[in-house]
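For reference, the structure discussed in these notes is given below.
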Amino acid sequence: MNDYQAPPHHLQDRVILVTGAGQGIGKTAAQAFAAQGATVILLGRTVAKLEAAYDGIEAAGGPQPIIFPLDLEKANEQELQALAEGIYQQLGRLDGILHNAAQFDNLSPLTIQTMSQFENMMRVNLIAPFALTKACLPLLQRAPDASVIFTSTTAGHNAAAYWGAHGISKSAAEHMVKIWALELENQPNIRINTVIPGAVQSPQRKKSHPGEKHGNMATAESIMPLYLYLVGQDSAGISGQVFEAQPASI
């Protein structure tokens, strides 16, 4: 899958929602999906970053994307339901979600982490993606071939010291994906999987590993074949799995 070559326009006419679309992997994925013909809904906190992603897609000749500013740390169930209803009213369909938005503060021992840190991390990395998937599920059920992808971390897959609330929230999200997959077994048109990108040049990687030489790491573009495989029809029937985009590293 990591060397997958997507057929031209294999996402033509599909609608895909990408969270955390203003930077890093989310922005790169949104551009990759649009390049394959998808109409992308760009969700994130910062309007200026979403507008830059929008402009990049338009400049590359992709279908006109849609910007949806939303802070997942503060979003409530009614707002996420309204988002799903707005997608239906404006576009009439939803074929995929890439949950890429993430909250990360810093590496620190559990003994100094606060309840507030835990609450914020769980809300962005676990609770909001759960509620957003639930709100959009009726739309995904109507789609002939729907895919939901969660972006995780190596520290969420295997316990690692000092990753605290972030690692715990990602571990819980990975477990949630497996439960969703089991509960959707009788709906073969929907699949849900997890991707672990590994060490990639991204704003979050710079925040978690400030001493690294980021220029020597893989680019976000280099791991897009896996995302394109999972979001397209060639991965039909594959659900509840965890995929590593490159050799594991913390």
Side-chain angles (χ1 to χ4, degrees), residues 6 11 13-75 79-80 82-84 86-87 90-91 93-104 123-133 135-136 139-140 146-153 170 173 192-197 200-207 219-232 245:
L11 301 178
D13 300 324
R14 297 195 182 202
V15 175
I16 302 173
L17 170 63
V18 179
T19 73
Q23 62 182 15
I25 292 172
K27 179 180 179 181
T28 302
Q31 293 171 333
F33 297 161
Q36 289 292 327
T39 296
V40 182
I41 303 166
L42 305 167
L43 188 150
R45 289 184 302 177
T46 308
V47 173
K49 291 181 179 180
L50 296 177
E51 289 176 341
Y54 179 104
D55 291 343
I57 289 172
E58 284 226 310
Q64 184 177 29
I66 294 174
I67 289 178
F68 199 99
L70 186 67
D71 186 347
L72 292 177
E73 184 180 332
K74 301 175 182 177
E79 288 174 313
L80 296 175
L83 168 59
I87 292 172
Q90 189 167 351
L91 299 169
R93 64 185 293 168
L94 182 65
D95 303 276
I97 303 173
L98 169 58
H99 291 291
N100 190 74
Q103 178 73 19
F104 174 82
R123 189 159 186 86
V124 176
N125 299 343
L126 178 65
I127 298 172
F130 153 74
L132 181 55
T133 301
C136 292
L139 277 171
L140 297 169
S147 175
V148 180
I149 303 170
F150 278 69
T151 297
S152 187
T153 63
K170 289 295 188 177
I192 178 167
N193 294 286
T194 299
V195 170
I196 298 174
V200 172
Q201 296 177 31
S202 68
Q204 182 166 309
R205 186 74 186 185
K206 288 182 179 180
K207 190 174 182 180
T219 63
E221 287 81 4
S222 71
I223 64 171
M224 283 303 110
L226 178 57
Y227 284 88
L228 289 170
Y229 170 74
L230 290 175
V231 81

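Residue numbers count from 1 along this sequence.
- Lys49 contributes no side-chain N or O that, together with a main-chain N or O of Ala21, makes up a donor-acceptor pair within less than 3.5 Å.
- Applying the side-chain hydrogen bond (donor to acceptor under 3.5 Å, both in side chains) test to pairs two or more places apart or on separate chains, those with a residue in residues 52-67 are Tyr54-Gln64.
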Between Ile25 and Val195, is the side chain to side chain contact (heavy atoms under 4.5 Å, CB included) condition met? List the steps.
CA-CA 11 Å; Ile25 292 172; Val195 170; over 6 Å; no

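- Among all heavy-atom pairs drawn from Pro197 and Ala245, the shortest one is O-CB, 3.7 Å.
- The residue from Thr133, Thr151, Thr194 that alone fulfils the side-chain hydrogen bond (donor to acceptor under 3.5 Å, both in side chains) condition with His99 is Thr133.
- Listed for the Arg123 side chain is a donor-acceptor partner under 3.5 Å among the backbone atoms of Glu73.
- A distance of 6.0 Å separates CG in Leu70 from CG in Leu80, rounded to the nearest 0.5 Å.
- Considering all non-hydrogen atoms of both residues, Lys27 and Gly22 come closest at CD-O, 3.8 Å.
- Taking CD1 of Ile41 as the reference point, atom CZ of Phe68 lies at 9.0 Å (rounded to 0.5 Å).
- Separating the CD atom in Gln23 from the CG atom in Leu50 is a distance of 10.0 Å, to the nearest 0.5 Å.
- Shown here are the side-chain contact (heavy atoms from CB on, under 4.5 Å) partners of Glu221, two or more places apart in sequence or in another chain: Thr28, Thr219.
- At distances below 3.5 Å, at least one donor-acceptor pair connects side-chain atoms of Asn125 with backbone N or O atoms of Gln103.
- Shown here is Arg45, whose CZ atom has no more than 12 heavy atoms of other residues, nucleotides or ligands within 6.0 Å.
- For the residue pair Leu91 and Ile66, the shortest heavy atom distance occurs at CD1-CD1, 3.6 Å.
- Put simply, the side chain of Asn100 does not reach to within 4.5 Å of the side chain of Phe150, judged on heavy atoms.
- Between Tyr227 atom OH and Ser147 atom OG the span is 11.5 Å, to the nearest 0.5 Å.
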Verify side chain to side chain contact (heavy atoms under 4.5 Å, CB included) between Phe33 and Leu98, making sure each step is shown before the conclusion.
CA-CA 10 Å; Phe33 297 161; Leu98 169 58; 4.2 Å; yes

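- Using modelled atom types, one side-chain atom of Asp95 and one backbone atom of Val15 make a donor-acceptor pair closer than 3.5 Å.
- For Ala128, the side-chain contact (heavy atoms from CB on, under 4.5 Å) test picks out Leu72, with sequence neighbours left out.
- To the nearest 0.5 angstrom, Leu17 atom CG is 6.0 Å from Cys136 atom SG.
- When all heavy atoms are compared, the tightest approach of Val40 to Ala34 is CG2-N, 3.9 Å.
- In this structure, Thr19 contributes its side chain and Ala101 its backbone to a donor-acceptor pair below 3.5 Å.
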Between Asn193 and Ile149, does a side chain to side chain contact (heavy atoms under 4.5 Å, CB included) hold up when you go through it step by step?
CA-CA 5 Å; Asn193 294 286; Ile149 303 170; 5.6 Å; no

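- Heavy-atom minimum distance, Leu42 versus Pro65: CD1-CB, 4.0 Å.
- Between Val231 and Arg14 the shortest side-chain heavy-atom distance does not fall below 4.5 Å.
- Distance check: Lys170 NZ to Leu126 CG gives 9.5 Å after rounding to the nearest 0.5 Å.
- For the pair Leu11/Leu228, a side-chain contact is recorded, criterion being any heavy-atom separation below 4.5 Å from C-beta on.
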